[in-house]
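Below you'll find the structure, written out as structure tokens, and then a few comments.
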There are 2 protein chains.
Amino acid sequence: MSRKVSDSTIRRLSLYLRILEAMERKGGGTVSSVDLAAAADTTAAQVRKDLSLFGSFGKRGLGYQVADLARQVRDILGLSRRWRVALVGAGRIGSALFEYESFRRRGFEIVTVLDNDASKVGQRWGEVEVQDTADLDRVLRDADVEVAILTVPAGAAQEIAEQVVGAGIRGILNFAPAQLRVPDGVFVQDVNMVMELEALSFDLTNRVASAGRSTE
Amino acid sequence: MSRKVSDSTIRRLSLYLRILEAMERKGGGTVSSVDLAAAADTTAAQVRKDLSLFGSFGKRGLGYQVADLARQVRDILGLSRRWRVALVGAGRIGSALFEYESFRRRGFEIVTVLDNDASKVGQRWGEVEVQDTADLDRVLRDADVEVAILTVPAGAAQEIAEQVVGAGIRGILNFAPAQLRVPDGVFVQDVNMVMELEALSFDLTNRVASAGRSTE
DNA sequence: AGGTGTGAACACTTTCACAGCA
DNA sequence: TGCTGTGAAAGTGTTCACACCT
């Protein structure tokens with residue numbers, strides 16, 4: 001269907017959806033591209049361009065129906081369904097993500113947890129039991145998951161990635177600081193918190209001289 | 001000094017640095033833009049353009065001295081120093097980040113932790129004691145921090161952001177799903193894990209039809 | 001020969017501005 | 001009149017290709 005959709009557009013659609021759902025909770029009604037842009041910290045033209053890539057959802061002179069548009073954006077992003085997710089790596093970060101309510105609310109359900117640490121295997125985490133990474137292929141196939149969250153050490157990430165791909169996973173949310181090599185048709189999203197702090201460090205070091213006043 | 005540096009360039013510099021440091025550990029020597037590009041999954045021209053924004057670090061016919069270039073990139077990113085960091089929000093994610101060794105290794109030191117939950121205030125976390133958010137201004141000034149990591153609920157994020165800015169913080173790593181409004185001269189980096197999963201969901205829904213074969 | 005540094009060409013993204021519908 | 005949807009213009013980021021140094 002729609003081609004040439006940039007990553008920035010996708011990120012903005014996520015953001016629009018978050019805003020629209022907040023508006024929905026506050027009563028709904030209609031919203032203009034100007035309103036949405038203000039909330040999303042972008043321009044009205046940008047909002048309209050982003051949406052126009054997928055269809056005509058507004059009414060000229062009126063704006064967009066909040067609830068309608070929210071549903072449309074959910075459909076575009078593929079969020080009108082549940083996603084079964086595997087968590088590989090039961091360390092501190094993995095454990096925090098397992099409890100993270102925002103994933104579940106959005107329909108991402110962690111249905112299985114794996115680790116290679118014998119002291120963790122067998123632990124009960126809520127409804128699930130931590131499985132051994134040695135059984136990864138079987139566990140992932142049995143659990144019927146399509147997405148894997150990797151919170152393993154950088155050194156293990158590539159090997160685990162290959163294993164989850166072998167088990168049929170097509171989407172990976174990668175927390176390991178490693179450039180994963182995956183076959184065509186498999187998608188990787190990296191979350192690199194150190195990189196974000198480094199970007200802050202750069203900004204603080206280079207983009208500002210004096211405190212307070214910006215060099216616009 | 002150097003103007004017009006894009007966010008993508010900064011992200012790539014972080015990546016180059018990670019790769020260079022791995023090479024350093026394996027012995028160092030020299031590296032060409034072709035090698036670096038292969039490891040960073042980009043092009044040689046891109047590597048040279050990125051670096052050329054900040055100076056001439058290579059030797060024609062030879063390439064770059066690994067250890068030298070690593071040091072240069074660290075300087076560019078402002079990583080040749082320690083950064084004192086405050087963690088606001090002592091929940092699951094905050095606690096995982098507090099233990100996260102990669103921050104410390106990179107020179108980001110969490111020197112104070114705050115929360116508004118009375119049951120958490122006073123807890124000992126390693127070397128530090130969890131402080132009350134009510135005392136945020138005093139605590140942050142006493143601790144002499146420049147960067148804050150926010151792992152608070154979305155609803156509280158804007159208010160906390162204003163408080164940390166008021167206390168003199170100029171860099172915020174924001175984990176809350178909220179668009180923070182901050183004055184000029186303050187930098188915000190968002191980490192939004194739900195958004196990353198939503199991007200994966202989009203890819204899996206729209207960018208692939210059959211399993212395995214890509215539509216290149 | 002080998003590989004950097006860089007202007008010029010190209011590709012992509014955002015903004016402008018306005019025709020057209022409610 | 002008010003606001004969308006969209007071609008065209010402007011602006012940014014990436015790739016090409018080659019002069020130049022070692």
Side-chain angles (χ1 to χ4, degrees), chain A residues 1-16 19-20 23 28-73 76 199 202 207 216, chain B residues 1-16 19-20 23 28-73 76 199 202 207 216:
Chain A
M1 193 152 283
S2 46
R3 280 295 76 75
K4 299 280 95 186
V5 181
S6 73
D7 286 356
S8 345
T9 293
I10 303 305
R11 298 188 75 79
R12 282 192 300 267
L13 286 176
S14 288
L15 180 50
Y16 302 157
I19 293 162
L20 288 166
M23 289 174 170
T30 67
V31 64
S32 71
S33 58
V34 174
D35 301 337
L36 244 183
D41 208 13
T42 181
T43 67
Q46 183 72 80
V47 170
R48 296 200 299 276
K49 254 284 144 66
D50 286 338
L51 295 175
S52 76
L53 293 174
F54 300 94
S56 285
F57 307 120
K59 284 223 186 357
R60 293 169 196 234
L62 261 169
Y64 305 86
Q65 207 68 29
V66 169
D68 263 22
L69 188 57
R71 192 161 29 71
Q72 296 282 6
V73 175
I76 292 165
F202 176 84
R207 304 225 240 237
E216 191 59 44
Chain B
M1 196 153 284
S2 46
R3 281 294 79 74
K4 299 279 97 188
V5 182
S6 74
D7 286 356
S8 346
T9 292
I10 303 304
R11 298 188 75 79
R12 281 191 299 266
L13 285 175
S14 287
L15 181 49
Y16 302 157
I19 293 162
L20 289 166
M23 289 173 170
T30 67
V31 64
S32 71
S33 58
V34 174
D35 301 337
L36 244 184
D41 209 12
T42 180
T43 67
Q46 184 71 79
V47 170
R48 297 200 300 275
K49 252 284 144 64
D50 287 337
L51 296 174
S52 76
L53 294 173
F54 301 94
S56 285
F57 306 121
K59 284 222 185 358
R60 296 173 192 229
L62 261 169
Y64 306 85
Q65 206 68 29
V66 170
D68 264 21
L69 188 57
R71 191 162 31 69
Q72 295 282 5
V73 175
I76 292 165
F202 176 84
R207 303 226 241 238
E216 191 58 45

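We name chains A, B, ... by the order of the sequence lines, and we start the count at 1 in each one. From a predicted model like this one, the values you see are computed outputs, not experimental measurements.
Less than 4.0 Å separates DNA chain C from no heavy atom of any residue of residues 30-37 of chain A.
With sequence neighbours left out, A:Ser8 forms a side-chain contact (heavy atoms from CB on, under 4.5 Å) with A:Ser6, A:Arg12. Checked against side-chain hydrogen bond (donor to acceptor under 3.5 Å, both in side chains), A:Tyr64 has no partners two or more places apart in sequence or in another chain. By the side-chain contact (heavy atoms from CB on, under 4.5 Å) test, A:Ser32 pairs with A:Val34, A:Asp35, sequence neighbours left out. With sequence neighbours excluded, no residue forms a side-chain hydrogen bond (donor to acceptor under 3.5 Å, both in side chains) with B:Asp41. Residues passing the side-chain hydrogen bond (donor to acceptor under 3.5 Å, both in side chains) test with B:Gln72: none are found, sequence neighbours excluded. Scored by the side-chain contact (heavy atoms from CB on, under 4.5 Å) test, B:Ala199 finds A:Ile10, A:Gln189 as partners (sequence neighbours excluded). A:Gln65 pairs by the side-chain contact (heavy atoms from CB on, under 4.5 Å) definition with A:Thr30, A:Asp68, not counting sequence neighbours. With sequence neighbours excluded, no residue forms a salt bridge (charged side-chain N to carboxylate O under 4.0 Å, His left out) with A:Arg48.
Rounded to a whole Å, the NZ atom of A:Lys4 is 12 Å from the C1' atom of C:dT13. The interatomic distance linking A:Arg12 (CZ) with C:dC12 (C1') rounds to 12 Å, in whole Å. The distance between atom CG of A:Asp7 and atom P of C:dT14, rounded to the nearest whole Å, is 11 Å. Taking atom CZ of residue B:Phe54 and atom C1' of nucleotide C:dT4, one finds them 17 Å apart after rounding to whole Å. Nucleotide C:dC12 holds its C1' atom 13 Å from the CG atom of A:Leu53, rounded to whole Å. Counting to the nearest Å, the P atom of C:dT15 and the CG atom of A:Asp50 are 10 Å from each other. For the pair A:Ile10 CD1 and C:dT13 C1', the interatomic distance rounds to 14 Å; values are reported in whole Å. Put simply, CD on B:Gln65 is 14 Å from C1' on C:dG3, counting in whole angstrom units.
Checking A:Gly61 against A:Thr42, the closest nucleotide of DNA chain C that is more toward the 5' end is the one next to A:Thr42.
In the 5' to 3' direction, nucleotides of DNA chain D lying under 4.0 Å from heavy atoms of chain A begin and end at D:dG2 to D:dA8.
For the pair A:Gln46 and C:dT15, the criterion of a side-chain N or O lying under 4.0 Å from OP1 or OP2 is met. Side-chain nitrogen and oxygen atoms of B:Tyr64 include at least one within less than 4.0 Å of the OP1 or OP2 phosphate oxygen of C:dG5.
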Show the distances under 3.5 angstrom between N or O atoms of the protein and N or O atoms of nucleotides 16-19 of chain C.
residue: C:dA17; atom: N6; partner: A:Arg48; partner atom: NH2; Å: 3.4

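Note that CG of A:Asp50 and OG1 of A:Thr42 are 7.0 Å apart. Values are rounded to the nearest 0.5 Å. Atoms CZ and CD1, from B:Phe57 and B:Ile76 in turn, are 4.0 Å apart once rounded to the nearest 0.5 Å.
Here salt bridge (charged side-chain N to carboxylate O under 4.0 Å, His left out) pairs that include residues 52-64 of chain B, with residues two or more places apart or in two chains, number zero.
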